[in-house]
Amino acid sequence: MQPAGKKATGSVPPSDPWFIREERFDAAGLAVQESLFALAGGYLGTRGTFEEPVAPDIKSIEGTYLNGVYFREPIHYDEGAFGFATHNNKMVLVPNGKAINLSACGESFVHGTSEATDFSRSLDLRSGRLSRTTRWKLTGGRSFDIRTERLVSLTRRGLMAITYSVTSFDYDGAVTLTSTLDAAYGGTDRAGDPRAGQLSITDCLTPMDSGTDTDGSFFLHRIKDSDTLVATAACHMVEGADATITPAATPHVEGQRFDLHLAPGQTVTLTKFVQYDHGPLAEAEALDTRTRNALAAAARDGFDKLAVEQEAELATFWADAGIEINGAPDLAEALRFNMFHLYQSAGRNGMSSIAAKGLTGHGYDGHYFWDSEIYVVPFFTATRPAIARAMLEYRYRHLDQARARARTMAHKRGALFPWRTIGGEECSSYFPAGTAQYHINAAIAYATIQYIEVTGDMDFAAGMGAELLIETARLWLEAGHFSAHDGGRFCIHEVTGPDEYSAMADNNFYTNAMARHHLEGAVRIMGRLAKDAPDAYATLADRLSFASEELGEWSEAAAKMNLPYDMKLGIHAQDDTFLNRPVWDFDGTPADKYPLLLNFHPLTIYRHQVLKQADVVLAMVLLSDRFTMEEKRRNLAYYEPITTHDSTLSTCIYAVANAELGNRDAAYKLFMETCRMDLDNLHGNTHYGVHAACMAGSWMGVANGFAGLRFERGTPAFRPGLPSDWQDYRFALRARGCGLAVSVATAGTTYELTDGESLTLRHYGKDHTIMAGQPLTLPNA
Ligand code: BGC
């Protein structure tokens, strides 16, 4: 097993649970901090890089992104084959609007070179603002205080605002602020790590137009080889000093220079508004007008109004999704930080989802994976259902591409969603750990079924939901077959499960179990639609040539699903042959050989019993009611010692499984690791961006783990427990249109409605109806 709790550079110590603070300039951990301090608004995301430049010997990764907007480039294979993915999608880099240069007395402020003291930075999770202070001392001994505040609006799409204040301490003289839009910054160094993304802004954008006048600066770019335009525009306000404003443009950079005079005690504040948008080439004029109008509105309203809007928006999020823990401030801080990032990075417009790294870095090229539907959508279904719906709508919009992909893969009917993508096409160039992960279809169905059953959103079910379910369910009948050789059982061959340390397996347990859930859920929801929305059902059936006999086939495949079970060990086998392989030599593998994927050829790994991440155990957590407690105990005891957790999607699942089985210490340890994965940079790669699925996994640790929450056909069912270090904890969630606050203490669990009239929930297997204004406390057993 890999040693737990490794700490790499860039860790942030726990502080106030609503603030993420950094009290000193950490040159070695800078690129990590840039991911942690990234700000986003669902569409626009920008890394927490400084306004001012950084010394060239310090690793800093610039990045500003637009969710769902990508650059498409051919994949080159020296040895290709039919049906291989042909193109990659890369989340585009757009101009860096944060850049502001401060100079005085012939010197410019540069982090890591200039003499600076009193550095501090903090991200306020309630206001969504990132603040920084620094004292800069000139060579001659005079000094300035620099104070910045930044936000990326959660309510105004594509808007960022910065206030940059400089106070002279004892300097009397000329000061220059140069504020730019930088469209020339570079990419990251991939250095042999497949998880890194690599792109520079000039690789993906072609300049079409740009300019600077007294009102501000703008860029119009075209994404290379596409008909998509990206617009960026900035404007400023100066307060506290009279400034002479002149244009400051260099190749690929547009900006304004503000020359002014500062006397001791005087403060000048430059407020910068930057608006981003994109649109089709044919609608360039509309894009330009939209961008300019949005920018002008922001400047008219001013930073303070934007800040008030931001805080109000976050207040509604924390009301729906708040978590409090009495007894573990570092974990409360981490949970809120994780939830904040999920909220910032998730697409809300039905055209985008959440990238594996959110909008905090371009690791994995900004791709969306199954992470979205198995980890993140369930979090939003239970807290912000509108976002869950928008993320599922994103999949719906790409159904035609998934249908086409299924045909390429020789499936006559149905749809096969891509393993990794932005624009809907398969972008995985390594098919054994990519396209072969057919469980992506079941993931989308799992999230769809859960969303429908928890929210009761029958409009969604009758439209997008049913079509998604039908088309993805059809694929199982194409990919699998009733095997005469295997007593007529339904078998699925040559697929890869979640555990990417095994590939191309027959009857991967997780895939088959999830396919069964998918088929049964699709039958159930179609049955409900036939009864409750017969017209919508008939129209859809007609459009998709869907005959009710298909429901019979799905039920039969589900009933006869081959779910490998080893009688001797009394466990579910990960696949047909997994248990025949030798167990990996864990004792002979030094800590520096982890993660295995960076140190061994895939075949070496595939030939052994060793897991990158939860597989059978994930099925146990997601499909909890399909296993006995004894099966769960034996499965966990078998798989846990051979799991490396080399993927950050793993510890959270083992935390939940251990919590359910009453292994409190193990659950708590895994939960802590999950919670602080990025804040403590435990996998040493947070500089590529944060780990969105793991962040959602930390919420799972509390809700599904300690509180034992499962949705049983949409009914919230709890089996709450209290970790021994905590006095009590409380979290909010939404189900069936109601808001529910759950408080777990030694004396029992209190359920209280915060919104809605009544909600039926299950507590240790027994149903209770909670009425508005009548909280109910029940014992924890
Ligand atoms: C994991 C996948 C995951 C991907 C993106 C990989 O390391 O094995 O399950 O989808 O990361 O987060």
Side-chain angles (χ1 to χ4, degrees), residues 20 31-49 61-71 89-98 123 125 128-130 150-161 185 187-188 195-197 199 201 204 230 232 274-278 310 313-314 317 337-369 371-372 375-377 379-380 384 387 390-391 394 420-423 678 685-696:
I20 306 299
V32 171
Q33 312 295 352
E34 291 167 352
S35 299
L36 301 180
F37 289 121
L39 292 181
Y43 171 66
L44 166 68
T46 193
R47 283 174 61 79
T49 44
I61 304 172
E62 190 52 74
T64 298
Y65 318 100
L66 300 181
N67 197 359
V69 185
Y70 61 94
F71 164 60
N89 297 169
K90 291 181 169 180
M91 180 163 74
V92 283
L93 293 169
V94 295
N96 170 28
K98 291 161 292 191
L123 171 63
L125 304 173
R129 288 203 302 275
L130 178 66
R150 184 188 297 170
L151 64 82
V152 171
S153 179
L154 288 158
T155 50
R156 304 188 188 205
R157 185 176 177 272
L159 177 72
M160 174 172 69
Y185 64 90
T188 49
R195 299 165 300 180
L199 197 62
I201 184 167
C204 58
V230 172
T232 316
V274 189
Q275 180 67 44
Y276 296 84
D277 208 339
H278 77 284
Q310 189 83 339
E313 171 66 18
L314 278 166
F317 173 62
F337 170 75
N338 294 345
M339 291 161 73
F340 177 81
H341 267 294
L342 294 173
Y343 191 53
Q344 291 201 109
S345 285
R348 288 128 162 84
N349 59 359
M351 320 279 276
S352 55
S353 183
I354 190 164
K357 307 288 183 187
L359 291 169
T360 69
H362 49 276
Y364 286 121
D365 290 328
H367 288 168
Y368 311 138
F369 293 78
D371 309 32
S372 307
Y375 293 79
V376 185
V377 173
F379 163 71
F380 282 119
R384 263 294 153 106
I387 296 185
M391 289 171 68
Y394 156 79
R420 51 190 293 179
T421 190
I422 300 176
D678 286 306
N685 63 5
T686 295
H687 53 283
Y688 298 147
V690 301
H691 299 84
C694 179
M695 290 181 149

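One N or O on the side chain of Ser372 and one on the backbone of Ile354 form a donor-acceptor pair closer than 3.5 Å. Looking only at distances, no side-chain donor or acceptor of Thr49 sits under 3.5 Å from a matching main-chain atom of Glu62.
Considering every non-hydrogen atom in both Glu34 and Ile61, the closest pair reads OE1-N, 2.7 Å. The minimum heavy-atom distance linking Tyr185 with Thr64 is given by the pair OH-N, 3.1 Å. Of all heavy-atom pairs spanning Gly45 and Ala40, the tightest one is CA-CB, 3.7 Å. The two residues Asp371 and Ala356 have their closest heavy-atom pair at OD2-CB, 4.1 Å. Gly358 and Ala692 make their closest contact through N-CB, 4.2 Å (heavy atoms, listed as atom of the first residue, atom of the second, distance). The two residues Ala390 and Gly347 have their closest heavy-atom pair at CB-O, 4.2 Å.
Residues Gln344 and Leu359 have side chains not in contact (no heavy-atom distance under 4.5 Å, counting atoms from C-beta outward). Looking at heavy atoms from C-beta onward, Ile20 lies out of side-chain contact with Phe340 at the 4.5 angstrom threshold. Considering only heavy atoms from C-beta on, Leu44 stays 4.5 Å or farther from Arg157 through its side chain. The shortest distance between side-chain heavy atoms of Tyr70 and Cys204 does not fall below 4.5 Å. Under the 4.5 Å side-chain criterion, counting only non-hydrogen atoms from C-beta, His367 is in contact with Ile422. By the 4.5 Å heavy-atom criterion applied to side chains, Val152 and Tyr43 are not counted as neighbours. The shortest side-chain heavy-atom distance between Asn67 and Asn349 does not fall under the 4.5 Å cut-off.
Taking the six-membered ring where the residue is Trp, Phe337 and His341 present perpendicular rings, their angle passing 60° and hence far from 30°. Note on ring orientation: taking the six-membered ring where Trp is involved, the planes of Phe317 and Phe379 are perpendicular (angle over 60°, cut-offs 30° and 60°).
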Problem - Evaluation steps, side chain to side chain contact (heavy atoms under 4.5 Å, CB included), between Leu154 and Arg348 - result: CA-CA 10 Å; Leu154 288 158; Arg348 288 128 162 84; 3.8 Å; yes

Practice task
Begin with the C-alpha distance, continue with both residues' side-chain angles, and end with the deciding distance and a verdict on side chain to side chain contact (heavy atoms under 4.5 Å, CB included) for Leu39 and Leu123.
Solution key: CA-CA 9 Å; Leu39 292 181; Leu123 171 63; 3.7 Å; yes

Exercise for the section: Evaluate side chain to side chain contact (heavy atoms under 4.5 Å, CB included) for Asn89 paired with Arg420, printing each intermediate quantity in order. Expected result: CA-CA 9 Å; Asn89 297 169; Arg420 51 190 293 179; over 6 Å; no

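Inspection of the Arg384 and Tyr343 side chains reveals an N or O donor paired with an N or O acceptor under 3.5 Å. Side-chain N/O atoms of His691 and Tyr375 include no donor and acceptor closer than 3.5 Å.
Distance CG/Asp678 to OG1/Thr360: 7.5 Å, rounded to 0.5 Å. From Lys98, atom NZ reaches atom CE of Met160 across 6.5 Å, with rounding to the nearest 0.5 Å. Distance OH/Tyr688 to NZ/Lys357: 9.0 Å, rounded to 0.5 Å. Separation of atoms OG (Ser353) and CZ (Phe369) is listed at 11.5 Å; rounding is to 0.5 Å. Note that the OH atom of Tyr276 and the CG atom of Leu159 stand 10.0 Å from one another [nearest 0.5 Å]. Atoms NE2 and CG, on His687 and Leu36 in that order, are 12.0 Å from each other to the nearest 0.5 Å.
By the 6.0 Å and 45° rule, Arg47 does not stack over the aromatic ring of Tyr65.
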